[in-house]
Amino acid sequence: MSVTLNDILSLPSLRRSTVLAGKEGLSKIITSISVLECSAPGAIYDELFTGAEFAGGEVIITAFAGIPTDVDTQLQLLKQFASVGEIGIILYYVGIIMPDVDERFLRLADSLAFPVICMPRNDFSLRYSEVICEVMDAIVRDQAGSTTFALDLLEQASQLDAHNRTMDSVLRLASDQLRVNLILTDANYRPLNIAAWPRNQKPPAETWIQRQTRTGQMPVLVETNPSIWGYREDMHFSPARKGFLFAFSETRKIDPSLWQQLLNGIQIAFNLWGQDHDRLDLSELLKAIIQDDPIRMRRLGNIYNLDVNALSDVWILHNLSGKDISPWVSPIRELSREYSDIAICEPYENNILLLPSGHVNLQESEAWAGALAAYCKEKELPLVLTRCTSLKRTSDVKTAYTDNQAYIRDAMMIFPKRRYFTLQEVAFAKQCRLLAEQGAETVSALMEPLEPILSWRDGKEVIKTLGVYLLDKNSSITETAAELFVHKNTVKYRLQKAGDYLGFHIGDMPHSQNLMNALAIRRILEN
């Protein structure tokens, strides 16, 4: 659903209107339109904003008939309209009922990005019904083909004042848009939030829910009233906490696509603003990033107040077992915060992904990676870390993740001594695996530099030394000797012997690249 204020300005009934202020808010999405006329402040006026339920995303039609010259009250109304989630106002009969629109009113609207649309002045022929019919028709037609209902719902809720961002508000928004009754319950079917449609009718929650809990297939006709279609779906508020979302419609079946989008929107909203939640659940945003869905990334990023384009690094803790990793997410998040500001730390496909806010320098990155590796070893967690740094585009995050999933075990075969890996090492493992899968003839050609060496009396020791020196110890003779428990001169002798045969100094690039490929592929084939 994506009808915006800007869109309705092209409708015939609004074509001659003028936007007087708040143009920055014209991209806001409309959910409904209503008429509101206030007479004067007082007890009724206070009750209107403290007791009434505003849908959010509404456009208000008014002529300020009761307060045409009371600018102070108009200003107060405008602030409260914005605070409860209304998104714009259409003024009628300016020059007839209202003498004019005060400049203070327009300045406030600009500061709130609250569009003020003025219908043609001094026109007695105007009718509220013309705009109402055309706007609602546009909303209904757009809703029928919507693929973004969940995101629209979240955007509308996020535009409410902080104290109004609740599950009651989210259900109210969804109920008004779909024109259905919605009930969110706990695991014992006790209602947590109820949104009735129409609002002045209380849904038969207890009776209806009790009957639906014994029903398998959805939707079903409600036994107590065969003209009502009923729905139920499990909701997972946390790993240890579940509940149910119920819906029933008296006019029609809910479109299956809209129903699924509603479930997604309610789930994300609960993660954001639900009861007893002390942090943001960013799993949906992470999913959008990994799936390289730019529209969802942008819109969810706005909802979560995160600049997705600034996330250049992703750290992947690959789960080598089938165990549930959810208990490890929070401790790993807390540990990581000692080394970097963490934008996202969430499970994804039973792995754990961390996205720091901004780039982490090499020294901090190595300290952080070492701490994570030590923690996983201490707790005996079957997690292997890959650092993917300086990614230029969100599409690179998707590639990094899929490559890590496919080739991390190959990287572990090639670099068995590594405590953690880099994206470049995983990419090297991918290259070697693809070469190894090209067939026996290709593999034989790649192994040619090693075959004669293996025929030497000390050939196996030379090959092992080459592998440790080039793949494990970053061409350090001292560290290679320590790893092999031999003297440094022994390492130098073996490297020189192999270099004399191959025709280049071992470690020189690019001459050593084919040798490194051969050694790496050999390790893959031996496992």
Side-chain angles (χ1 to χ4, degrees), residues 360-374 376-377 384-390 404 407-436 443-527:
V360 183
N361 68 42
L362 182 59
Q363 183 176 0
E364 293 170 339
S365 180
E366 290 181 340
W368 178 14
L372 284 173
C376 292
K377 182 177 181 181
V384 177
L385 171 65
T386 302
R387 296 183 297 134
C388 310
T389 60
S390 301
N404 191 80
Y407 301 106
I408 185 63
R409 293 180 185 274
D410 290 319
M412 294 171 66
M413 296 176 196
I414 295 172
F415 307 107
K417 303 295 182 179
R418 290 282 196 275
R419 299 172 66 202
Y420 50 85
F421 298 89
T422 65
L423 180 59
Q424 291 71 27
E425 288 164 343
V426 172
F428 176 67
K430 174 183 179 180
Q431 175 191 356
C432 293
R433 169 58 69 179
L434 295 178
L435 288 171
V443 171
S444 178
L446 291 168
M447 295 294 111
E448 280 183 2
L450 305 182
E451 295 303 327
I453 296 176
L454 285 169
S455 66
W456 301 346
R457 186 179 61 180
D458 59 349
K460 289 185 177 180
E461 288 77 11
V462 172
I463 293 294
K464 185 176 182 179
T465 301
L466 290 172
V468 173
Y469 180 75
L470 290 175
L471 299 177
D472 299 327
K473 298 302 177 182
N474 295 317
S475 300
S476 169
I477 289 176
T478 300
E479 292 183 16
T480 300
E483 175 68 24
L484 296 174
F485 299 103
V486 298
H487 195 276
K488 288 190 292 184
N489 289 339
T490 302
V491 173
K492 291 178 181 178
Y493 165 76
R494 292 173 181 173
L495 295 178
Q496 183 175 349
K497 183 176 181 180
D500 288 340
Y501 170 74
L502 294 169
F504 56 85
H505 294 289
I506 304 301
D508 285 356
M509 299 298 286
H511 309 88
S512 297
Q513 185 61 57
N514 289 339
L515 178 59
M516 290 177 67
N517 290 345
L519 293 166
I521 292 171
R522 188 170 188 269
R523 286 185 174 182
I524 290 175
L525 296 176
E526 285 179 346
N527 282 276

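FYI, the numbering just counts along the sequence from 1.
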Answer yes or no: are there more than 12 heavy-atom neighbours, outside Gln363 itself, under 6.0 Å from its atom CD?
no

Quick one: pull up CD in Glu425 and OH in Tyr420 and give me the separation to the nearest 0.5 Å.
9.5 Å

Between CG of Leu466 and CG of Leu502, what distance do you get to the nearest 0.5 Å?
7.5 Å

Restricting to salt bridge (charged side-chain N to carboxylate O under 4.0 Å, His left out), what partner residues turn up for Asp472, sequence neighbours left out?
Arg523

side-chain hydrogen bond (donor to acceptor under 3.5 Å, both in side chains) against Lys430, all qualifying residues, sequence neighbours excluded:
Asp403

From Ile414 atom CD1 to Met516 atom CE, the distance as rounded to the nearest 0.5 Å
9.5 Å

Any residue meeting salt bridge (charged side-chain N to carboxylate O under 4.0 Å, His left out) with Arg409, in chain and number order, not counting sequence neighbours
none

So how far is it from Lys492 NZ to Thr465 OG1, rounded to the nearest 0.5 Å?
14.0 Å

Report yes if some heavy atom in the side chain of Leu450 is under 4.5 Å from a heavy atom in the side chain of Leu519; otherwise report no.
yes

Ignoring hydrogens, what is the shortest heavy-atom contact between Tyr407 and Arg433? Give both atom names and the distance.
CE2-CG, 3.7 Å

Shortest non-hydrogen contact from Val360 to Glu364?
CG1-CB, 3.6 Å

Working to the nearest 0.5 angstrom, can you tell me the gap between Asn404 CG and Arg387 CZ?
13.0 Å

For residues Phe504 and Ser512, report the shortest heavy-atom separation together with the two atoms involved.
CE1-OG, 3.5 Å

Please output the side-chain donor-acceptor pairs of residues 479-491 that fall under 3.5 Å, not counting sequence neighbours, one pair per line with the distance.
residue	atom	partner	partner atom	Å
Thr480	OG1	Ser476	O	2.7
Glu483	OE2	Lys417	NZ	3.1
His487	ND1	Asn489	N	2.9

Shortest non-hydrogen contact between Val426 and Thr386, atoms and distance:
CG2-CG2, 3.8 Å

Tyr501 meets the ring-ring contact (aromatic ring centres under 6.0 Å, His included) criterion, sequence neighbours left out, with Trp456

Look up atom CG in Leu372 and atom NZ in Lys377, then write down how far apart they are to the nearest 0.5 Å.
15.0 Å

Listed partners of Asp458 passing salt bridge (charged side-chain N to carboxylate O under 4.0 Å, His left out), at least two apart:
Lys497

Does any non-hydrogen side-chain atom of Leu454 lie less than 4.5 Å from one of Arg522?
yes

Note, Thr422 side chain near Phe415 side chain (heavy atom, < 4.5 Å):
no

Evaluate the side chain to side chain contact (heavy atoms under 4.5 Å, CB included) criterion for residues Cys432 and Ile524: first the C-alpha distance (whole Å), next the side-chain angles of each, then the deciding distance (0.1 Å), finally the verdict.
CA-CA 8 Å; Cys432 293; Ile524 290 175; 4.0 Å; yes

For Ala436 and Ile521 the tightest heavy-atom approach is CB-CG2, 4.0 Å

When you look at CD of Gln496, are more than 12 heavy atoms from neighbouring residues, nucleotides or ligands closer to it than 6.0 Å?
no

For Ile453 versus Ala498, what's the shortest heavy-atom pair and its separation?
CD1-CB, 4.5 Å

